[in-house]
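To keep things clear, I will list the structure first and then write my remarks on it.
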Amino acid sequence: MKVLGIETSCDETAAAVVADGVSILSNQIASQVEIHARYGGIVPEVASRQHILAIIPIVEQAMAEAKATWSDLDGIAVTIGPGLAGSLLVGANVAKAIALAHGLPITGVNHLEGHIYANWLIGRSPDFPVVCLIVSGGHSDLVLMRHHGDYVVLGRTRDDAAGEAFDKAARILGLGYPGGPAIERAARDGTACIQLPRAWLKGTSDFSFSGVKTALLRLVEGGKVSSKADAAASFQEAVIDVLVTKTVAVAKERRVRQILLAGGVAANELLRQRLVANSPIPVVVPEPVLCTDNAAMIAACGYFRFKAGRIDGLDLDVVPSLKMA
Ligand code: KG4
Ligand code: ZN
């Protein structure tokens, strides 16, 4: 079964064809990052206009790379939220138009659920139950997944998401946008020698990253940061320390068989290494290009939704504040 996935929730216009929810036949991504970098962050109006320009060519490229014709497809999966309303609408409307024109079934996918499904695209399918750490620009969620489509959110961020914290810290240090890769690059030349606070929020699986960001800001404003590399390394260490410790704790408590990593921050090499090194439970980590926004993960998730009979009508609409479960 071949599913065309479409993803336009934020600043990547992406389309992919995936077979049986596990084999990537194509994975095309048009990034707007250089356009938004000028403004130091995503400008929603600019993002939706770029999606309109990029979406048709990207879908055509995904179909060509997969050597697929419309009649080879069995369904369309599209991200309907969470994300920017104007951006989501572009993908949703293109998906509905293709579904209508070619008589294909359509299913609306939660972007965060999509991130989890990147873990089905790396050769071997995960063994349930799993705990998944989803760390993106807007979310830091710990989710227990017992079966396909069965999620329990065990913890979430109470303020800044992990990716948002990386982006803000990079801005504080003048390292540019997007902040995650910028902090990671800068940190390679430094050591984590600056003590920054960790919010453990004991007794919960929630996260909070606004404190560490503010502590960094105070140090910079007070002229106490002599090395940006050391500051970046210390910030990265503080955030990853909490993410890894809390994820391993909840995975042990829930006696899961695997830990899955997902979302843009999962592209971070130190986070990947640390989680693997500190977990007695096997850790699954998709390659970085499948951690950041892409449409293959949406197509994979869509396949399992179709299999469960979760087909939407052409009245499918976007839900910018869509929640997990
Ligand atoms: O999942 P994603 O691509 O988009 C959202 O759904 O938000 O995540 C984007 C976030 C950004 O905040 C970005 O700074 C962060 O992921 N990110 C990273 C790295 N690559 C991307 N954070 C830390 N280290 C990285 N290498
Ligand atoms: Zn994402």
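In listed order, ligands and their atoms are each counted from 1. What you see is a predicted model; the values in this text were computed from it and never measured.
Counting only protein atoms, the N, O or S atoms lying less than 2.8 Å from the Zn ion (ligand 2) are H111 NE2, H115 NE2, D293 OD1, ordered by chain and residue number.
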Trace of the side-chain contact (heavy atoms from CB on, under 4.5 Å) decision for Q50 with T13: CA-CA 8 Å; Q50 284 305 122; T13 316; 5.6 Å; no
F304 vs H147, ring-ring contact (aromatic ring centres under 6.0 Å, His included): CA-CA, chis, key distance, verdict: CA-CA 11 Å; F304 289 100; H147 302 286; over 10 Å; no
Compile the donor-acceptor pairs under 3.5 Å between side chains in residues 80-100 and protein atoms, sequence neighbours left out, one pair per line.
from : atom 1 : to   : atom 2 : distance (Å)
N93  : ND2    : L89  : O      : 3.1
K96  : NZ     : L314 : O      : 3.4
K96  : NZ     : L316 : O      : 2.6

Can you give each donor-acceptor pair under 3.5 Å made by side-chain atoms of residues 55-69, sequence neighbours left out, with the distance rounded to 0.1 Å?
from : atom 1 : to  : atom 2 : distance (Å)
E65  : OE1    : N27 : N      : 3.1
E65  : OE1    : Q28 : NE2    : 2.8
T69  : OG1    : S71 : OG     : 3.1
T69  : OG1    : D72 : OD2    : 3.2

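When only interatomic distances are considered, the shortest N/O to N/O separation between P178 and ligand 1 does not fall below 3.5 Å. Considering backbone and side-chain atoms alike, F166 places every N or O at 3.5 Å or more from each N or O of ligand 1. Residue G137 has at least one nitrogen or oxygen atom sitting less than 3.5 Å from a nitrogen or oxygen atom of ligand 1, judged on distance alone.
When hydrogens are left out, the protein atom nearest atom 18 (C) of ligand 1 is G180 CA, 3.4 Å; that is the closest non-hydrogen contact. Counting protein heavy atoms only, atom 15 (C) of ligand 1 is closest to V265 CG2, 3.9 Å. In terms of protein heavy atoms, atom 13 (C) of ligand 1 is closest to D167 OD1, 3.8 Å.
In D293, the parts holding a heavy atom less than 4.0 Å from any atom of ligand 1 are both the side chain and the backbone.
The shell of residues lying under 4.0 angstrom from ligand 1, judged by heavy atoms, excludes C10. Within the structure, the closest approach of H111 to ligand 1 falls below 4.0 Å when heavy atoms are considered.
D160 and S210 are not linked by any side-chain donor-acceptor pair at a separation below 3.5 angstrom, with hydrogens and angles left out of the test. In summary, the side chains of R305 and T107 do present a donor paired with an acceptor at a separation below 3.5 Å, with no hydrogens or angles considered.
Counting only heavy atoms from C-beta outward, the side chains of Q258 and V283 never approach each other to under 4.5 Å.
Applying the 4.0 Å criterion to heavy atoms of T292 picks out, from ligand 1, the atoms 3 (O). Of all the atoms in ligand 1, the ones that sit under 4.0 Å from a non-hydrogen atom of G163 are 12 (O). Interface of H115 with ligand 1, defined as ligand atoms under 4.0 Å from a residue heavy atom, comprises 1 (O), 6 (O).
Listed by first and then second residue, the side-chain hydrogen bond (donor to acceptor under 3.5 Å, both in side chains) pairs involving residues 316-325 amount to none (not counting sequence neighbours).
A salt bridge links D206 with R158; the closest basic N to acidic carboxylate O contact falls under 4.0 Å.
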